[in-house]
Structures are given as C-alpha cells and as structure tokens.
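A quick write-up on the structure given underneath.
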2 protein chains.
Amino acid sequence: MPTINDVARAAGVSPSTVSYVLSGRRPISAETRARVQAAIAELGFHPHAGARALASSKTNVLALVAPLRVDVNVPVIMQFATAVVTAARSFNHDVLLLTKDEGTAGLERVAHSTMVDALILMDIERDDVRLPAIRTLKQPSVLIGLPADHAGIACVDLDFEAAAALALRHLAGHGHRRIGLIGASPAVYRRQTTYADRFLAGFLRASHELELRTTTHPCEPGADGVRAALADLDTALPGLTALVVHNEEALRPLLDLLHAAGRRVPEDVSIVAVCPRDVATAMPVDLTSIDIPAHDVGTIAVETAMRLLDNRRVDFTRLLEPRLVERDSCREISPSHR
Amino acid sequence: MPTINDVARAAGVSPSTVSYVLSGRRPISAETRARVQAAIAELGFHPHAGARALASSKTNVLALVAPLRVDVNVPVIMQFATAVVTAARSFNHDVLLLTKDEGTAGLERVAHSTMVDALILMDIERDDVRLPAIRTLKQPSVLIGLPADHAGIACVDLDFEAAAALALRHLAGHGHRRIGLIGASPAVYRRQTTYADRFLAGFLRASHELELRTTTHPCEPGADGVRAALADLDTALPGLTALVVHNEEALRPLLDLLHAAGRRVPEDVSIVAVCPRDVATAMPVDLTSIDIPAHDVGTIAVETAMRLLDNRRVDFTRLLEPRLVERDSCREISPSHR
DNA sequence: TGATTTTGTCGAAGCGCTTCGACAACTGCC
DNA sequence: GGCAGTTGTCGAAGCGCTTCGACAAAATCA
C-alpha cells in the first residue's frame, strides 16, 4: 500500500502538498496538482482511513442504529436503511450498522471510540432510553421518529398525526361516518414506538373534530390476529363502512378475510392504508394509501446530520407532510348508508 | 476524551503498560492491572479507533456487501444481515454496510483505505464481477453463495443442489411422479444468481435420476406472474400433482390462486417450499419446507472470516446440508393417480 | 552460588495523515 | 519604488495508539 510519502516522492513535492491537493484547503498550482494526481493514479494511492481519522478527527462514517430483530415492517426498515446508505455515500460517508438490541452500549462504544462522526437512530420510542445517552455524546444524532422530549435533538419523520387526520378527512369526505382503525401490533404500542402512538393520537383527535363514530384496535401479527381485530371492530362499531389500516402485515390477511366473508372492497368496505407505495399496489385491490416516504426521510436524516457536522442551521423537528394517493379502495357512500 | 496517556498518568504507569493491560499481550502484575483498570473506568477511557487502526493495522470492522435494492427476498436478506452483525459483535467487530450497487468500487474503496479487516459478500452471481476484485485485496473475503470459479475463496451457503434433490425425493417418496418447479424471478436467473442456478441444476439432475416427469418455470413477481407460471406448468405437464416452490414472493399468490381454482393443498396439489421457516408457517396452510438457514449461514460466514484473519484453517467451500420439515402441504398420493 | 530464564515495566519509535506557521516569489496599488 | 496582500510550497509537530528492545528484579535451575 503506497502512502502519502510515496506519492510525494513520485511527484517531487512534499507530503503536505499532496494532502492539500487532496483536500483543496490551500491553493495549488495547476501543474503541481496534475503531477500529484498522476502519481496518485499511478501508484493507486488511497489515504489510510485510520490515519486520516486520527489526524483530522473526522471518520467520514455515520452510525445507523436499526431494529434488526426480525420484526414486522422488515421491508420498510430496509427502505430506510437503503436511503440512508445511498444518501451517506453521496456525501462521501460510509455507514456502520448497529442493532438496536445493543442499546445504549452500542452507541457509546462507537461514539467514544470515535468510529463515527454522527448517528442516525431508527425505531424511536416515546421515552427512549437512548435519548439521555445521545445527549452526552460529542457527535450529533438524528432521530427517525419523534420522542416525547425531543428538545434540542434533530428529528425527522412523516407527520403521522397529520396522516391520520388526512385519512379520516378523506373517508369523511366520501360520506363515511363509522370508521375503524386497525393499528400496529400490541407490542409496538407497548414499546410506545412513536409513529404508532402519534398516528393513534391524530386519529382520535380528528375523529372528534370531524364528529365521526370510530373505534380502534391493535392487531397481532398473522391471520388470526387480523381476524380477532376485525371481529372486535365489528362488535364495537356495527355497520362500519370504512377501515384505516396502519399495519403493513395486516393488509393481506385483512383483504383475504373480507373477501372470504363476502365483503367487497370498496363496495362494502372502504380502506385507507398507511404503508409504502409498493405494498399498497401489490394487493388484490390497489389500495388508496398514505405513503410512508422512507426514502425521503432517510435522505433528509442524512442531510440533517451533515448540516449538523458543518454547524449549519437545521430544523430540529422535521415532520413531512403526508400525501394520500387515491386508488381503488375507497368509494363514495350513498346517503342512505350514512 | 481522555487518552491512553491520561490513563497512564492517573494510574502512575507508562502508556505502554496501559496498552498491555488492554491487549493482554504481556504479563502485568495483578495490582498494576487493577490500578490501570480503575483509572480507565474512572476516566471513561475508550481507545481511539483510528489511532488503534493506524498503529496495529487492524480495524475490528467487517464490510457487509448487501443487495439493498428493494428487491424480492427482503426479509431473507435482513435475516442474513442480522446474523452477520450479531456474530461480528460476538467477535468484537463492527459492520460497515455497503450496497451491492456500488459494485467493485465500493469494495476497493473500503479495502484500500483500510477501513475493514475482512469482507462478506451476499447475492453472488455465477461469474460475479466482484470476484477478480476481491482476489486482489489484501483483506480476506467470504462469500455467501457459490460462484463458478471459487478456487481459493471462502464460500458459505445452503447446499441448494442437495435441497432440490431432497424436495424431489420427498415428493417421489409420497408417490408423486409429475412435479413442477416454480422458480425465482427471471431477473434472478438472468443475473445467474448462484442459489437459483444451483437449485435448478439440482432439480433437473434429481428429476432425471428419480425418473420423474418434471417441468420448471421462473416466476415474475406479483400475482399475475404466478398465474402465468402456473398456467405454463399446467400446460407443459398436465395432471401434475406436486409443486416445488423456490420463491418466497410467489407462495402467497400461489396458494390464493389454487384456492380460487378449487385445487386443495395438499389433497389435490402437494407443495414443498424452499424458504425461511417463518414464511412457511405464515401461510394459510403450514407448508412442508426446506429451511433457508440464514442465521447459520451468516454466523458461519463471520466465523470463517475470523479464522482467515487468524490464519487458521478453513473449509473454503462450506455447503450446509438442507433439512426438510414436514408440515401440512404434502400428502401420499394414491396409486391410481400415479 | 552463579548462570539462566521468567516476569513486569518503561521509553522510544513509528503507524500515515492533517495542519500550522514560515517563507519565497509574485501581483497589484498608490 | 515600496508596501501590502496573494499564491504556492515546505517542514515539522502532533493526532493516540501499539510494539519492540531494553532492563531490573524475581524465580528457577544446576
């Protein structure tokens, strides 16, 4: 492996000049620059990351803390991760992958040992135990999610409260008055994962404001969980005409179940799903949905981290406006059914 | 951030002594060790990763090259990634996540700049363009998959040829003689992704040896793709009594389709799936399946990398024996149907 | 008891890079 | 023509750690 000294010798300059060619931090004449670059190319020189980190206190690495348990939502998590890695590369950074299981220890390990410049955390809970920890780190963090006490911490996410309101407004606009919510799995609520909490809060508030009859139910994974949830909703709110589904896993079994029961979508039941676009369109009925913009959220998270590293201004709370795409799962309800 | 010098001063020893306490490479008296460890704990000292990498030429980081496009198989990829990260941590290593999209450039970047000690590559193609590249790296690589020319490269995977044979033997043992294969998506075969290739090869060979009537068909994603594949299989081999499915995505639509057509599983059609256990048991019918042992494969890949780093012996080709678990999707066929 | 090995610690060199200060050679301006 | 500012380059220090050789003290052996 050639070093910067080898390059310097080959180009007939000092090592510092090579460094300045690389970083552009000082003016270098065109001829010298060309000679240096030729030497770099010829020797196949790549700066040693460790040496660079030691001298400059920058690693050009971001930590991504992902919930790697094989949980619900795997494809969505993957979308976030993909977006983060791609965006990081566009800023010439790499991504170190941590699991959420490691908890606080993992964060502190990579931060204290100066392996990363900044951290991006997913799957944030309402009172996430990691929050106190990241507040003490010298590296900046960006959360994908919105915990209760987020003062001074950069957060990015879809505005799930607004999303719930949007779903209800859409259905109300189509004449629906009795609407059920199929929520995330109980485990997700138990952890108080913020997107689920916030969606539910928005749902309840909008339901009240729009004067709708609604009921909500979490939903265990698997067909049986969906069956139970649906039964409970039907009991609590007989004659409901629409469902909001905030649970990717449940969509498929739900449609199967409705089909088996002879309840047509959208003729008998309208559905608004909250899920990635490709999930919505991979169902037997193309679902009217509110997209989870994983790509945008991941990209913005990285951009925010970069701005923080440059000491530039950032919006500490960045909630993306939800967008509803009409497809084939909602229909105008006739006044007689209202 | 305290440095090793701060620790040394606090403990009243030299920095090298602290280093030896940390690494255990030289004997240190119990009292000294205790003093040093107390100082480390009190100051909250964490060695600087870059400095360490520079001095020792070890980073304690593994690169994981994953196909992060949102493709088929997302949950399976996640299982591999989880296993790799967990196993890496158990060897005190972290994982740098690269996307396959970056191709050869990504590998060379992290290897040449000495960011990682070893690399683990997923989604290997028959004549993978990355192979020549990794052969030139000073860091060892471990492949999850088995390319055509794997001489001198460590490879770990399920033995997909044996898996295909096992599936056919199982069905033949139940009296089936006319069997169709629903394969991966055409894109996967086009790329000559090795697991698909090898499964197909094993299927054809075993079919011949067992003197079965078989036909095979790739399967586009989505319900329409499955419908087309099934129609083609029925045309090519009328009266088939069993299906082998090597395509997680296709399973659900396939079962729906069979159900809609009034073909019962297993009464009218037996099925053997090749997929992770949890996928097999999440279907309307619990599927007899051959597990894709993502966890074991990922763990072994990391172990192999570690052995390579220690210059210990490794099996360069490690193909895990497939295991078939009987569930509810296969049945003995009556002689009259044979 | 003297020679030899083992144990425990230290000092210094060096890993490969960035960055600061210095300085020579120009350029522009009154 | 003299002074101030640019431009372009160099040398040296230093980032925080590991590791090698040295060496004193203690343990082992003949």
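Throughout, protein chains are lettered first and strands after them, A, B, ... in sequence-line order, and every chain is numbered starting at 1.
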_Under-4.0 Å side-chain N/O to phosphate OP1/OP2 contact, A/Ser14 with D/dC10_ = yes

_Over the length of the helix from C/dT1-D/dA30 to C/dC30-D/dG1, how much do the five-pair end axes diverge, rounded to 10 degrees?_
30°

_For the residue pair B/Arg198 / B/Thr194, report whether a side-chain donor-acceptor contact shorter than 3.5 Å exists._
yes

*asked:* If I take atom CD in residue B/Glu31 and atom P in nucleotide C/dT7, what distance separates them, rounded to the nearest angstrom?
replied: 15 Å

_Rounding to an integer number of Å, can you tell me how far A/Arg52 CZ sits from C/dC15 P?_
19 Å

*Verdict with supporting geometry, B/Arg135 and B/Asp149, salt bridge (charged side-chain N to carboxylate O under 4.0 Å, His left out)*: CA-CA 12 Å; B/Arg135 286 206 155 91; B/Asp149 173 17; 3.7 Å; yes

*A/Asp117 CG to A/Asp94 CG distance, which is reported to the nearest 0.5 Å*: 11.0 Å

_In whole Å, I'd like the distance from the CG atom of A/Asn5 to the C1' atom of D/dA12._
13 Å

*Which part of the nucleic acid does B/Thr3 contact within heavy-atom distance under 4.0 Å: base, sugar-phosphate only, or nothing?*
sugar-phosphate

*Just how far, in rounded Å, is C1' of D/dG8 from CZ of A/Arg35?*
12 Å

*From C/dC17, C/dC10, D/dT9, pick the nucleotide closest to the side chain of A/His48?*
C/dC17

*Under 4.0 Å between any heavy atoms, over every strand shown, what does B/Ser19 touch: base, sugar-phosphate, or nothing? Just pick one.*
base

*asked:* At less than 4.0 Å, is any side-chain N or O atom of A/Arg25 found next to OP1 or OP2 of C/dT19? Yes or no.
replied: yes

*How close or far is atom C1' of D/dG16 from atom CG of B/Leu22, stated in whole angstroms?*
12 Å

*Is any side-chain N or O of B/Thr32 closer than 4.0 Å to OP1 or OP2 of C/dT9?*
yes

*State plainly whether the residues B/Arg318 and B/Asp157 are in salt-bridge range, i.e. N to O under 4.0 Å.*
no

*Please figure out whether A/Ser23 or B/Ser56 has its closest DNA chain C nucleotide nearer the 5' end.*
B/Ser56

*side-chain hydrogen bond (donor to acceptor under 3.5 Å, both in side chains) partner of A/Glu125, chosen from A/Arg130, A/Lys100, A/Gln192*: A/Lys100

*Is there a side-chain polar atom (N or O) of A/Thr17 under 4.0 Å from OP1 or OP2 of D/dC10?*
yes

*asked:* How long is the straight-line distance from CZ of A/Arg191 back to CG of A/Asp127, given to the nearest 0.5 Å?
replied: 14.0 Å

*asked:* Of the options D/dT9, C/dT18, C/dT9, whose atoms approach the side-chain atoms of B/Ile28 most closely?
replied: C/dT9

*In whole angstroms, how far is the C1' atom of D/dT19 from the NZ atom of B/Lys58?*
13 Å

*Measure the distance from CE on B/Met1 to C1' on D/dG16 and round it to the nearest whole Å.*
13 Å

*Indicate whether the side chain of A/Ser16 and that of A/Ser19 have a donor and an acceptor atom separated by less than 3.5 Å.*
no

*Among D/dT9, C/dG16, C/dC15, the nucleotide that comes nearest once only the side chain of B/Ala55 is considered*: C/dC15

*Just to confirm, is there a sub-4.0 Å distance from OP1 or OP2 of D/dT9 to any side-chain nitrogen or oxygen of A/Ser29?*
yes

*Where B/Leu43 and B/Pro2 come nearest, the two heavy atoms and their spacing*: O-CG, 3.4 Å

*To the nearest angstrom, how far is A/Leu54 atom CG from C/dT19 atom P?*
12 Å

*asked:* Just verifying a value: how many Å separate A/Leu121 CG and A/Asp128 CG, rounded to the nearest 0.5 Å?
replied: 7.5 Å

_Selection from C/dC17, C/dT9, D/dC17 that lies nearest to any side-chain heavy atom of B/Phe45_ = D/dC17

*Base versus backbone protein contacts along nucleotides 20-25 of chain C [heavy-atom cut-off under 4.0 Å; B, S, -]*: BBB---

_Heavy-atom pair of closest approach, residues B/Leu309 and B/Pro140_ = CD2-CG, 3.8 Å

Can you give me every donor-acceptor pair (side chain of residues 299-308 of chain A, partner residue at least two apart or in another chain, under 3.5 Å) with its distance?
unit_1   : atom_1 : unit_2   : atom_2 : d
A/Thr299 : OG1    : A/His295 : O      : 2.7
A/Thr304 : OG1    : A/Ile300 : O      : 2.7
A/Arg307 : NE     : A/Arg313 : O      : 2.7
A/Arg307 : NH2    : A/Arg313 : O      : 3.2

*Mind checking A/Pro47 for me? I need base, sugar-phosphate or nothing, with any heavy atom below 4.0 Å counting as a touch.*
sugar-phosphate

